Amino acid sequence: MNRDSALPPRSVFCFTTMWSIWKCYRSRLPVGAALCVFVLCWLYVFPVYRIPDQKEIVNDVLHQPVWRRNQTATTAFRRLLENCCETKRMFAVTQHNSPMGKNLWFDGEFLHSLSVNNEMFAMFPQDTPFQIPLKKCSVVGNGGILKRSACGDKIDKADFVMRCNLPPLSNEYARDVGHRTQLVTANPSIIKKRYQNLMWSRKAFVESMKVYGRSYIYMPGFSMKAGTEPSFRTYYTLSDVNANQTIIFANPDFLRNVQKFWKGKGVHAKRLSTGLFLVSVALGLCEEVTLYGFWPFSTDLEERTISHHYYDNVMPDTSYHAMPEEFLQLWLLHKSGILKIHVGKCGQIPM
Amino acid sequence: MGYSERSGKDILGNRSLFFIFISAFAIVTLLQHILNGKNYIKRYFELTEGSYDYNSSTCRELRNDITEVKVLSMVKQSELFERWRTLQLCKWELNKTEANTARLTNCCNAIQNFTVTQVNTALGANLTYDAQPKKQITITEDIFNLLPQEMPYSRSQFKKCAVVGNGGILKKSECGKEINSADFVFSCNLPPLSNEYARDVGHRTQLVTANPSIIKKRFQKLDKWRRPFVELLQVYENTSVVMPAFYNTRNTDVSLRVRYALDDFSAPQDLFYFHPRYLENVARFWGRQGVRAKRPSSGLMLVTAAMELCQEVHLYGFWGFPMDPSGIHITHHYYDNVKPRPGFHSMPNEIFTFLHMHSRGVLQVHTTPCR
């Protein structure tokens, strides 16, 4: 107080203004505003719309009329997707879309980037390595619904078969999931878990990759910091033994755009599942898309319990992916005739 | 004064005298050189290498000249070289008693302890790192399965062994044939054996050491590509590769990974890991002989092993000085001139000890071109 009285009048004026602002802050208005913002954020993160529950969806699936392709809707949707993500040009990291020195901003990390250097540049293919457009594509999920579905032949009939996360394709599954593969995604975490990051023996990995024949391995190497190293090591391993498989890296820009695209449609998850990324790629690259093994529920159409994957029953971390929401989106696409989801059985299985 | 008066010219003036002095000095020096040179030439012509018998009195003296030098710093390097050069006049012979005592005082039991095998190391045993005595590694099942069954060698199994160092002295030595004729060839640090060097270093080796630092530097710890490394090893056909995996903690992972890399490509080479106890014993043994260094070189390891495994040990390419015995500068390695980091090895000391052993008839050090 003593010091205040010693101040010149101008400063005193300043002080009083400050005091009044401080007082204003103590009123209820800003507190209410802050609360409001908080609630809005909350709603944004955890939206309060109702996802139809499993029974409704099953009912919907059962009472679906015969599926027919809707050409206009397909074209429209494809244009929408093309506008957002440019699948044909952008889905993989190529020398064309990622020239030397370009910063690849990781889509699964906060502000982390890697600039393309000489060594990385040599790993990338020159341009999108497929004959575009592809005609008929099968996208095969790993859902337990595929078990005893006998869909193998039907899947193999497509021109281009895409699979998720290095699924097992041994003979016992061939009848249900087919054996052809043109593109298979591989999560770096799998490399880390199953093959000790390829730090030690690599023979087992190379052997296990032979199932996929002459295919492309689509790795999200630039999504997470921890995933870059295993992806590169996978590349080195396969190039060491001149394997038939070719590694292509998912373009983080593409993944980010796809994620934004589906978020706009109402898929709220920390991260989209590989399946949805793959469906987006397929919708961008292929003329006809059929999905198999996409069924995120614990019972099938006849209410029998099914396993989580067709090959095992290991449950994932539930908070990470929002499978039912994603399925709902895909189901909407199915209903409007843009893609076809195969849920039931493809034929009879001899008991 | 008088001369100048008579001829009218100052013949022996200051300048002329100066000139005469200089010429005289030059002539004397020249004569000296010629005489000395003649001496050299004479010596060279009369006494070609190996012209004296091992047991002749001259040779005994010459050998004594070397052995009386107890410490390297006792004589000038040029003096040591001179003595070594004259010793070349004598034939070398294996001194069985000396060799045997050397072998008896040899500490290290290479037959059992040379490498870590499933026989001398039990599952679950702890190995202490040689360079980091406080650190231990437990032989887990994974590591145990990587270990070879047993060392396939026995005492004095081979008659004549060649231990080939990588010294620049091997360049243009044409010792390839002689080295190839040995029953067993040891070599150090994955040396290049390509055709351009085969004349000088031979084209085969049965046991080769590999330093993890090479693999770290040249092959990115085998983290990236592995094929180049396995292709490099193809030169050595089915040799045994020996690595100091348990020397310090930094070496372990890389060395174990080499095993996996060889398996990945089904390479025919065997892989062994130096036993840390063996490294320690060897260092102690040579320390007693006067070789004190931070770490003994891999050449030293091999010589020690060779002394146990072989009856006759011949060293090629071991010469740790920047010039050869006749004083001509040589490269550091026969394939390049990359100097190592100073302070790790004490090469001159090691070589000096070898020269001593040569004089005692324990092993033979080859420093002159082979014919």
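Just so we're on the same page: letters track the sequence lines, and every chain starts at 1. Note that the structure is a prediction, hence the values are computed from the model and not measured.
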Top of B:Arg259, B:Lys221, B:Arg226 for chain A proximity - count of heavy-atom pairs under 4.5 angstrom | B:Arg226
Neighbourhood of chain B inside residues 200-208 of chain A, taking heavy atoms under 4.5 Å as contact | A:Trp200, A:Ser201, A:Arg202, A:Lys203
Would you give the length of the straight line joining atom NZ of B:Lys224 to atom CG of A:Asp240, rounded to the nearest 0.5 angstrom?
-> 12.5 Å
Does atom CG of A:Asn171 have more than 12 heavy-atom neighbours from other groups under 6.0 Å away?
-> no
Residues A:Met199, B:Asp253; criterion side chain to side chain contact (heavy atoms under 4.5 Å, CB included); working and verdict = CA-CA 9 Å; A:Met199 291 273 271; B:Asp253 280 2; 5.7 Å; no
Does CG belonging to A:Asn117 count more than 12 external heavy atoms closer than 6.0 Å?
-> yes
Of the backbone (N, CA, C, O) and the side chain (C-beta and beyond), which part of B:Asp263 lies under 4.5 Å from a heavy atom of chain A, both, or neither?
-> backbone
Decide if atom CG of A:Asn103 counts as having more than 12 heavy atoms of other residues, nucleotides or ligands within a radius under 6.0 Å.
-> yes
For atom NZ of B:Lys339, decide whether the heavy atoms of other residues, nucleotides or ligands shown that lie under 6.0 angstrom number more than 12.
-> yes
